[in-house]
Protein chains: 2
Amino acid sequence: MQTALATAGLVPVFATALPNRAVAQAAIPRAEARGEVRRTYVADAEIFAEGDRATTFYKVVSGVVRTYKLLSDGRRQIDAFHLPGDIFGVEAGEEHRFNAEAVTATRLAVHRREPRALAGDDGLLARDVVAAMMRSLERAQDHMLLLGRKSAKERIASFLLGLSQRMACRGTAMELPMSRTDIADHLGLTVESVSRAVTQLERDGLIELPPNRRAVILRDVAALDDLAE
Amino acid sequence: MQTALATAGLVPVFATALPNRAVAQAAIPRAEARGEVRRTYVADAEIFAEGDRATTFYKVVSGVVRTYKLLSDGRRQIDAFHLPGDIFGVEAGEEHRFNAEAVTATRLAVHRREPRALAGDDGLLARDVVAAMMRSLERAQDHMLLLGRKSAKERIASFLLGLSQRMACRGTAMELPMSRTDIADHLGLTVESVSRAVTQLERDGLIELPPNRRAVILRDVAALDDLAE
DNA sequence: CGTTCTATTGAAGAGTATCAAGCCAAGTGG
DNA sequence: CCACTTGGCTTGATACTCTTCAATAGAACG
């Protein structure tokens, strides 16, 4: 159901085709010169699916992307959310090993996968890709510690802290781009457990949420750090 | 306590210093020519610790290595076991981000970290390192699915299947190099839960264990695959 | 202003953790 | 060669965290 909806929502568009996007248009010549193409996706649009041929990889220009794996009975694990600047979809083999969808309206830079690009004869981009992989690996390792050994409250604290650092929202409210379901599937919990842990952190005064609950202010970063360990 | 013991057990030795090791000795000239050094570790010896300067990385020659992270209260997450041929200890930054210890008596090839080795101007080794990182990342992603979404029984099934593939023990009994505690800390469970799940798989006829319980025969791979999904 | 979607809250239940013995194999010293 | 010890594995009883199922509340949208 989710996949069907996502597939239906797939709207890949070249930025040049969009009229009201002066900044993007200005950027096109340079981008195209680098052999780079831009695509736009609406929220929940599929970017690629497990098993798809991995002829390209992606860099987030704006918006947020989730990558995830599914078990046959539908259990989902979101391995990462990708924010602007992040590279994702790089594969060692021929096929994509997980699914990728836009969380919000998203613009991506699409890079054709050159055999030499990965090995690294080719300067800047290859270096970026390797660095991005290292960062992915580091995040995955931290996330395994979270999934294997942290309580629900600790998971939420870690998640909010990590997100706030990556989203660069100094002191002010941080918008949560993803739903509670997405957070749950990222943290190895249920929606209800996420909701309860968030509420409890709020009651304890560590965080504060607006009425619509889709943003967070970190009130006591020290205490959150302590929880996240 | 564990760390103290491990540190005490640290026995780095150059292979040339060992008399009864004809094969290793024969290999030395080639290895040394590649700027490579070999070291031997006893079981539970520390290889490096979180925060150590990451001037070298390692390739397992024989034996098994565990890499892990700790929370301040001692909870441990083993992110991976490294078998012969595996590369570990590669870092993006200056410091090691986790701990590494020998699980069994282990021989390692130690590589000095060259700035260019990671970037990839330098052919074979760099390519190996990048490939090793990709494999680490893929395993980490699979492991996040396990930790986030699988039951105890499913985790054990996945673990045993993965290990049997990597250890290449066609049909016969597979020795388990690591303790139940190590398995538990890898799978995000307790020792008791590991023991119970193993016993249950045995009762169900999917696996078979000798009296000392440190080896496994996979009796019904199809059923195990089904569980692992 | 109702409809819909998401988030929250409540009650009950499942699965795993915790605490505590007990068991078994391997090693030790008499 | 055999008690004795030791360390790892298993088993049992109980507790607890998180899940599941169900209902309510609240915001967004037409």
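Naming convention: chains lettered A, B, ... in sequence-line order (proteins, then strands); numbering from 1 in each chain.
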In whole angstroms, the gap separating C1' of C/dC23 from CD of B/E192 amounts to 15 Å
Under a 3.5 Å distance rule, please check whether B/S193 uses its side chain to pair with a backbone N or O of B/L189 as donor and acceptor. no
Length of the line joining B/L176:CG and D/dT10:P, which is rounded to integer Å: 10 Å
CD1 of B/I156 versus C1' of D/dT10: gap in Å, rounded? 14 Å
Atom pair distance, as rounded to whole Å: CZ in B/R196 and P in C/dC19: 13 Å
Regarding the side chain of B/S193, the nearest nucleotide among C/dA17, C/dA25, D/dC9 is C/dA17
Could you tell me the separation between the CG atom of A/L189 and the C1' atom of C/dA14, rounded to a whole number of Å? 16 Å
Rounded to the nearest angstrom, tell me the gap between atom CD in A/Q200 and atom C1' in C/dT8. 14 Å
Applying a 4.0 Å non-hydrogen cut-off, can you work out what B/S179 is touching in the nucleic acid: base, sugar-phosphate, or nothing? sugar-phosphate
Phosphate OP1/OP2 of D/dT11 contacted by B/T199 side-chain N/O (<4.0 Å): yes
Counting the atoms with a prime plus P, OP1 and OP2 as sugar-phosphate, which does A/S195 contact under 4.0 Å by heavy atoms, base, sugar-phosphate, or nothing? base
Can you find a side chain N or O atom of A/N212 that sits less than 4.0 Å from OP1 or OP2 on D/dA28? yes
Are any side-chain N or O atoms of A/D86 and backbone N or O atoms of A/L83, one a donor and one an acceptor, separated by less than 3.5 Å? yes
Spacing between B/R180 atom CZ and C/dC24 atom P, to the nearest angstrom: 15 Å
Rounded to whole Å, how long is the line connecting atom CD of A/E154 with atom P of D/dT17? 12 Å
Backbone N/O of A/A228 and side chain of A/K150: donor-acceptor pair under 3.5 Å: yes
Taking for A/P211 and for A/G188 the nucleotide of DNA chain D with the nearest heavy atom, the one nearer the 5' end belongs to A/G188
OP1, OP2 of C/dT8 versus side-chain N and O of A/R213: anything below 4.0 Å? yes
Apply side chain to side chain donor-acceptor pair (under 3.5 Å) to the pair B/T67 and B/H82, showing each step before the final yes or no. CA-CA 8 Å; B/T67 48; B/H82 306 277; 2.9 Å; yes
Dump the intermediate steps for side chain to side chain donor-acceptor pair (under 3.5 Å) on B/Y41 and B/E46, then the final yes or no. CA-CA 8 Å; B/Y41 299 82; B/E46 176 180 304; over 6 Å; no
Under 4.0 Å between any heavy atoms, over every strand shown, what does A/R214 touch: base, sugar-phosphate, or nothing? Just pick one. sugar-phosphate
